[in-house]
Asks: 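Sending over a structure as structure tokens; questions will come in a sec.
Reminder, nothing fancy here: chain letters follow the sequence lines and each chain counts from 1. Keep in mind the model is a prediction, meaning the values are calculated, not measured. All values below come from the heavy atoms of this structure, side chains included, with hydrogens, waters and symmetry mates left out.
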2 protein chains.
Amino acid sequence: MPPKLHLQLDERSGVPVYRQMMDQFKYYVAGGVLRPGDQIPSIRELASALQVNPTTVVKAYTELERSGLIEKRHGKGAFVAPNARAFTQLEQEEALRRSAKQLAVEATQMQMPAPKVITVVREELGALHSDRSGEDVPVKFAVVGGGA
Amino acid sequence: MPPKLHLQLDERSGVPVYRQMMDQFKYYVAGGVLRPGDQIPSIRELASALQVNPTTVVKAYTELERSGLIEKRHGKGAFVAPNARAFTQLEQEEALRRSAKQLAVEATQMQMPAPKVITVVREELGALHSDRSGEDVPVKFAVVGGGA
DNA sequence: ACTCGTGTTTGGTTGTTATCCAACAGTTCG
DNA sequence: CGAACTGTTGGATAACAACCAAACACGAGT
């Protein structure tokens, strides 16, 4: 029972596409949305859905497999590895801290007051939480361009 | 009177170094820390301080000049362009929204509750605000590795 | 067997990123 | 002038990212 995934690529971020895909699978596993044994999109399927080259997905999946997070099975598909485990709350915090730090650096350089930063973050969180469209739509994966 | 800058490179972010440098100069100008006419580090000086190749700084400066944010003057140095202006509060919010969105995506994928996200953001903001060491140190630019 | 969807592999092309080295040229000051 | 800064330019190398295309191999179903 693979859950609905919502992978989001930002072309203008400068971050390699395969890295973005890797990161987001990691987050899904870290948060327990994706659990051991769950099937994830096939290489061709994901490549098609995200409009990227299949070899790019291959690279992401290969790296994820090398790190032990997923398993590719010839002829069957790709699955979350049996021993892949969700992060503890502490680990999740540390994982999120990287992005939070980047945000903090930018905000500080712009001399933006903390309350305003918090407001923006709240808004973005809210935007995603309310974005539960596609929940019972017959689409497994939604591609959302960078939003800009 | 160029203010003290605190440029921070994260090698593991996947974002090209010259892009990181560009972004941070943009933020400093956006927030009014860097103002028109202010001198910014020379190419060689910045390259040395951040331990990157001078040509990498050249690329960043050239792009920034092309976008009208700075000016390079042969033999004299690099300066914030006369017509470079700080962002309005609304523009600052929009600029920060990009990073905030990325943070929100990750948090959501990890199913992290909003309050916990806010807490982490607050902590990182606080860490930078208290990090005023090097304020009156005879160093113009501090290099801070990705922090991890 | 056949077919379809799966992962696998190979080779090539294109463009980007970043490095290193070297030389040239403008500015300022002693 | 000469020294010490500055930006400018060119060539070369290496690694990486992403694309494209074609073929090969495994699994499950008909």
Asks: Quick one: Asn53(B) CG to dT13(D) P, roughly how many Å, whole number?
Replies: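 Whole-Å distance recorded here is 16 Å.
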
Asks: So, applying side chain to side chain contact (heavy atoms under 4.5 Å, CB included) with Phe25(A), which one of Val33(A), Ile70(A), Leu7(A), Val80(A) is it?
Replies: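 That would be Leu7(A).
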
Asks: Between Gly75(A) and Ala78(B), just flag the one whose closest nucleotide in DNA chain D comes earlier from the 5' side.
Replies: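 By nearest-heavy-atom nucleotide position, the 5'-most residue is Ala78(B).
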
Asks: When the distance from CZ of Arg12(A) to C1' of dA18(D) is rounded to whole Å, what number comes out?
Replies: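 Atom CZ in Arg12(A) sits about 20 Å away from atom C1' in dA18(D).
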
Asks: Would you say dT17(C) has OP1 or OP2 under 4.0 Å from some side-chain N or O of Tyr18(B)?
Replies: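 Yes, Tyr18(B) has a side-chain N/O under 4.0 Å of OP1/OP2 on dT17(C).
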
Asks: For Arg19(A) and dT17(C), what is the distance between atoms CZ and C1' respectively, to the nearest whole Å?
Replies: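 Going from CZ in Arg19(A) over to C1' in dT17(C) covers 14 Å.
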
Asks: Taking all non-hydrogen atoms of both residues, which atom of Gln39(B) and which atom of Lys76(B) are closest, and how far apart?
Replies: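 Closest pair (atom of Gln39(B), atom of Lys76(B), distance): NE2-O, 3.4 Å.
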
Asks: Just the rounded figure in Å: distance from P of dT19(C) to NZ of Lys59(B).
Replies: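 After rounding, the reported distance stands at 11 Å.
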
Asks: Measure the distance from CD on Glu11(A) to P on dA18(D) and round it to the nearest whole Å.
Replies: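 In whole Å, dA18(D) P and Glu11(A) CD are 11 Å from each other.
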
Asks: Given dT17(C), is OP1 or OP2 found less than 4.0 Å from the side-chain N or O atoms of Thr56(B)?
Replies: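 Checking Thr56(B) against dT17(C): no side-chain N or O falls below 4.0 Å of OP1 or OP2.
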
Asks: Can you tell me the distance, in whole Å, between the NZ atom of Lys72(A) and the P atom of dC26(D)?
Replies: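 Spelled out: NZ on Lys72(A) to P on dC26(D) is 15 Å.
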
Asks: Grab the NE2-P distance between His74(B) and dT6(D) for me, whole Å please.
Replies: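 Distance, rounded to whole Å: 12 Å.
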
Asks: Nearest-Å distance, CD (Glu45(B)) to C1' (dA4(D))?
Replies: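 Distance check: Glu45(B) CD to dA4(D) C1' gives 14 Å.
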
Asks: Can you see whether Tyr61(A) has Lys72(A) sitting over its ring - NZ or CZ less than 6.0 Å from the centre and within 45° of the normal?
Replies: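 The answer is no, since Lys72(A) fails at least one limit relative to Tyr61(A).
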
Asks: Counting distance alone, no hydrogens or angles: does the base of dG5(C) have a donor or acceptor under 3.5 Å from a partner atom on the side chain of Arg44(A)?
Replies: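 A donor-acceptor contact between them is absent.
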
Asks: With no hydrogens and no angle check, is any side-chain donor or acceptor of Gln20(A) less than 3.5 Å from a backbone partner on Val15(A)?
Replies: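 Yes, Gln20(A) side chain to Val15(A) backbone: donor-acceptor pair under 3.5 Å.
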
Asks: Closest approach of Arg19(B) and Ser13(A), non-hydrogen atoms and distance?
Replies: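 Heavy-atom minimum between the residues: NH2-C, 3.5 Å.
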
Asks: Would you say Thr55(A) places a side-chain N or O within less than 4.0 Å of OP1 or OP2 belonging to dC19(D)?
Replies: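 Result: no.
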
Asks: On DNA chain C, does the nearest nucleotide to Lys76(B) precede the nearest nucleotide to Val17(B) from the 5' side, or the other way round? Give the residue.
Replies: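 Nearer the 5' end of the strand: Val17(B).
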
